[in-house]
Amino acid sequence: MKEYKVVQPKLGWRNRAQNFEDFLNQYAREGWQVIDINPNWYSIVFERDKNR
């Protein structure tokens, strides 16, 4: 079974690309995989196995 999470990142204006990378890596360490990224970075959909 899968579980999903929708997140609206707050990246700030400085070092936006680096902050975005750090944000994605943090969720990856928790076992989340990116399913969809809104083109304007307003929301990101993550997925992972619920029974991991």
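Given the structure is predicted, the values throughout are model-derived calculations rather than measurements.
Partners of K2 according to the salt bridge (Lys or Arg N to Asp or Glu O under 4.0 Å) rule, which considers only residues two or more places apart in sequence or in another chain, are D49. By the side-chain hydrogen bond (donor to acceptor under 3.5 Å, both in side chains) test, E21 is found to be paired with no residue, residues two or more places apart in sequence or in another chain being considered. Scanning for side-chain hydrogen bond (donor to acceptor under 3.5 Å, both in side chains) contacts around N15 gives an empty result, with sequence neighbours left out. Residues satisfying the side-chain hydrogen bond (donor to acceptor under 3.5 Å, both in side chains) criterion with Q26, sequence neighbours excluded, are R29, E30. In this structure F23 satisfies the ring-ring contact (aromatic ring centres under 6.0 Å, His included) test together with Y27, sequence neighbours excluded. In terms of the side chain to side chain contact (heavy atoms under 4.5 Å, CB included) criterion, residue partners of L24 (sequence neighbours excluded) are, by chain and number, F20, V34, I44, F46.
To the nearest 0.5 Å, atoms OG (S43) and CG (D36) are separated by 7.0 Å. Between atom CZ of residue R48 and atom NZ of residue K5 there is a gap of 6.5 Å, rounded to the nearest 0.5 Å. Here the CZ atom belonging to R16 is positioned 13.5 Å from the CD atom belonging to Q18, to the nearest 0.5 angstrom. Atoms OH and NZ, from Y4 and K50 in turn, are 11.5 Å apart once rounded to the nearest 0.5 Å.
Hydrophobic clustering (ILVMFWY, side-chain heavy atoms < 4.5 Å, transitive): W32 and I35 are in distinct clusters.
The only option from I37, N38, V6 that meets the side chain to side chain contact (heavy atoms under 4.5 Å, CB included) definition with V45 turns out to be V6.
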